[in-house]
Amino acid sequence: MPELPEVEVVRRGLDRHTTGRRVVDVDVLNVRAVRRHRGGGADFAARMRGVVLGEPRRRGKYLWVPLLADTDNHAEPGADALLAHLGMSGQLLVQPHDSPVERHLRVRMLLDDGLDLRFVDQRTFGGLSISEGGAELPAEVAHIARDPLDPAFDADDLYARLRRRRTGVKRALLDQTLVSGVGNIYADEALWRARLHYARPTDTLRRAEVTRLLSAVHAVMVEALGEGGTSFDALYVDVNGASGYFDRSLAVYGQAGEPCPRCGTPVRRDPFMNRSSFTCPRCQPRPRRGRW
DNA sequence: CAGGCTACCTGCCCGC
DNA sequence: TGCGGGCAGGTAGCCT
């Protein structure tokens, strides 16, 4: 799914379309979509009815919306939050209430302006829940590290933690407790930009290489955000159902056999963590003693 | 305990 | 045409 840029696109869309709106009615069509919610589907629906949606927030790939008691736009201390993770295929859509129902519609919330906020998720790896007292930072998100777009992101701390780890740099990038928001696409793109191989042991990284890598992660995410995110297909869309265009700018992800934009060497695909890693074999040579 | 594998789900694409 | 296998943007949980 959506990695940080795609989730941020969704967050901005929600901010524009749902902030200040009251939830009039809730329909949970698939309980699996709210499996993280203590109390189940009926409780989720009952507690969402009547609340006012605050300004959406995000850390990494997690998104949450403070729930307000009234339309004063006033989040009381300790207020609850609607917590969302899009998993691999989740979407949050704002649609007219009478528009055709999506094939994988899981939760539908009617707002007081006649629009629906819909959670659509083909694979149901994502989900919604209500986080008790989670308006500021949901407890479910507390174990996640800050993401590279967070002004308080601590690069020195990441460097220190990488040096202590005994793993490969891509595994570390994908570990949301070290740095959040990075998924398979942006990990490969950032590693290519920083000319690092995914199996490079993190305990051999120099400070300058970590700086280079973090700059690359930051840059690729900002650029992707500017293009509305990466959408290979209709699964990754903003709240209005529109696709992003960053797939046109991908250097290596999904580009097996295509020339490296920097040196022309064919991009290679390797199996990695039951998925794939894409590298330029010339720009990103495998380290002698690599770690997966 | 840190690291790493697998299950969780649906759909699509490819080869046989 | 059908079926099986592989693959897809993620992560929690269990194993070693």
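Lettering of chains follows the sequences in order, A, B, ..., and the numbering in each one begins at 1.
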Describe the nucleic acid contact of [X] in one word from base, sugar-phosphate, nothing, applying a heavy-atom distance below 4.0 Å.
{"X": "A/Arg164", "result": "nothing"}
{"X": "A/Asp175", "result": "nothing"}
{"X": "A/Arg103", "result": "sugar-phosphate"}
{"X": "A/Asp121", "result": "nothing"}
{"X": "A/Phe232", "result": "base"}
{"X": "A/Arg35", "result": "nothing"}
{"X": "A/Ser276", "result": "sugar-phosphate"}
{"X": "A/Phe246", "result": "nothing"}

Test of understanding: with ring-ring contact (aromatic ring centres under 6.0 Å, His included), list the residues that count as partners of [X], not counting sequence neighbours.
{"X": "A/Tyr186", "answer": "none"}
{"X": "A/Tyr245", "answer": "none"}
{"X": "A/His37", "answer": "A/Phe44"}

Base B/dA2 to side chain A/Arg166, donor-acceptor N/O within 3.5 Å cut-off: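 No, no donor-acceptor pair under 3.5 Å.
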Separation of [X] atom [atom1] from [N] atom [atom2], in whole Å?
{"X": "A/Leu86", "N": "B/dC8", "atom1": "CG", "atom2": "P", "value": "22 Å"}
{"X": "A/Asp147", "N": "C/dT11", "atom1": "CG", "atom2": "P", "value": "12 Å"}
{"X": "A/Leu174", "N": "B/dT6", "atom1": "CG", "atom2": "P", "value": "17 Å"}
{"X": "A/Gln122", "N": "C/dA8", "atom1": "CD", "atom2": "C1'", "value": "9 Å"}
{"X": "A/Met88", "N": "B/dC12", "atom1": "CE", "atom2": "C1'", "value": "13 Å"}
{"X": "A/Glu140", "N": "C/dG13", "atom1": "CD", "atom2": "C1'", "value": "17 Å"}
{"X": "A/Asp233", "N": "C/dA8", "atom1": "CG", "atom2": "C1'", "value": "8 Å"}
{"X": "A/Leu63", "N": "C/dG9", "atom1": "CG", "atom2": "P", "value": "21 Å"}

Which nucleotide in the list [options] gets nearest to the side chain of [X]?
{"X": "A/Asn274", "options": "B/dG4, B/dT6, C/dG9", "result": "B/dT6"}
{"X": "A/Arg106", "options": "B/dT10, B/dC9, C/dA12", "result": "B/dT10"}
{"X": "A/Arg171", "options": "B/dT10, C/dT11, B/dG4", "result": "B/dG4"}
{"X": "A/Arg123", "options": "B/dC9, C/dG9, B/dG11", "result": "B/dC9"}
{"X": "A/Tyr62", "options": "B/dC8, C/dA12, C/dA8", "result": "C/dA12"}

Is any side-chain nitrogen or oxygen of [X] closer than 4.0 Å to OP1 or OP2 of [N]?
{"X": "A/Ser89", "N": "C/dA8", "value": "no"}
{"X": "A/Arg32", "N": "B/dC9", "value": "yes"}
{"X": "A/Lys61", "N": "C/dT11", "value": "yes"}
{"X": "A/His143", "N": "C/dA12", "value": "yes"}
{"X": "A/His104", "N": "B/dT10", "value": "no"}
{"X": "A/Arg165", "N": "B/dA2", "value": "no"}

Should the pair [X]-[Y] be classified as a salt bridge under the 4.0 Å nitrogen-to-oxygen rule?
{"X": "A/Arg32", "Y": "A/Asp121", "value": "no"}
{"X": "A/Glu102", "Y": "A/Arg118", "value": "yes"}
{"X": "A/Asp116", "Y": "A/Arg108", "value": "yes"}

Donor-acceptor list for residues 257-271 of chain A side chains, cut-off 3.5 Å, not counting sequence neighbours:
unit_1   : atom_1 : unit_2   : atom_2 : d
A/Arg262 : NH1    : A/Trp192 : O      : 3.2
A/Arg262 : NH2    : A/Trp192 : O      : 2.9
A/Arg268 : NE     : A/Asp270 : OD1    : 2.8
A/Arg268 : NE     : A/Asp270 : OD2    : 3.3
A/Arg268 : NH2    : A/Asp270 : OD1    : 2.8
A/Arg269 : NE     : A/Ser276 : OG     : 2.8
A/Arg269 : NH2    : A/Ser276 : OG     : 2.9
A/Asp270 : OD2    : A/Tyr198 : OH     : 2.7

Polar side-chain atom of A/Arg166 near backbone of A/Arg164 as donor-acceptor pair, under 3.5 Å: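 Side chain of A/Arg166 to backbone of A/Arg164, a donor-acceptor pair under 3.5 Å: yes, one is there.
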Main-chain N/O of A/Gly60 paired to A/Arg58 side chain as donor or acceptor, under 3.5 Å: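 Yes: the side chain of A/Arg58 pairs with the backbone of A/Gly60.
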Flag for A/Ser180-A/Lys61: side-chain donor and acceptor within less than 3.5 Å: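 No pair is found: no donor N or O on one side chain lies under 3.5 Å from an acceptor on the other.
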Considering only atom [atom1], compute the distance from [N] to [M] and round it to an integer number of Å.
{"N": "B/dC9", "M": "C/dC3", "atom1": "P", "result": "22 Å"}
{"N": "C/dT11", "M": "B/dC1", "atom1": "P", "result": "23 Å"}
{"N": "C/dG9", "M": "B/dG3", "atom1": "C1'", "result": "23 Å"}

Euclidean distance, A/Phe246 CZ relative to A/Leu225 CG, rounded to 0.5 Å: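 It comes to 10.5 Å.
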Rounded distance (nearest 0.5 Å) linking atom CZ of A/Arg22 with atom CG of A/Leu53: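 Interatomic distance, A/Arg22 CZ to A/Leu53 CG, rounded to 0.5 Å: 10.0 Å.
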Near-strand residues of residues 124-138 of chain A, defined as heavy-atom separation under 4.0 angstrom from DNA chain B: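 Hits under 4.0 Å, by residue number: A/Thr124, A/Phe125.
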Intra- and interstrand pairs of DNA chain C - dot-bracket, Watson-Crick/G-U under 3.5 Å, | marks other strand: .|||||||.|||||||
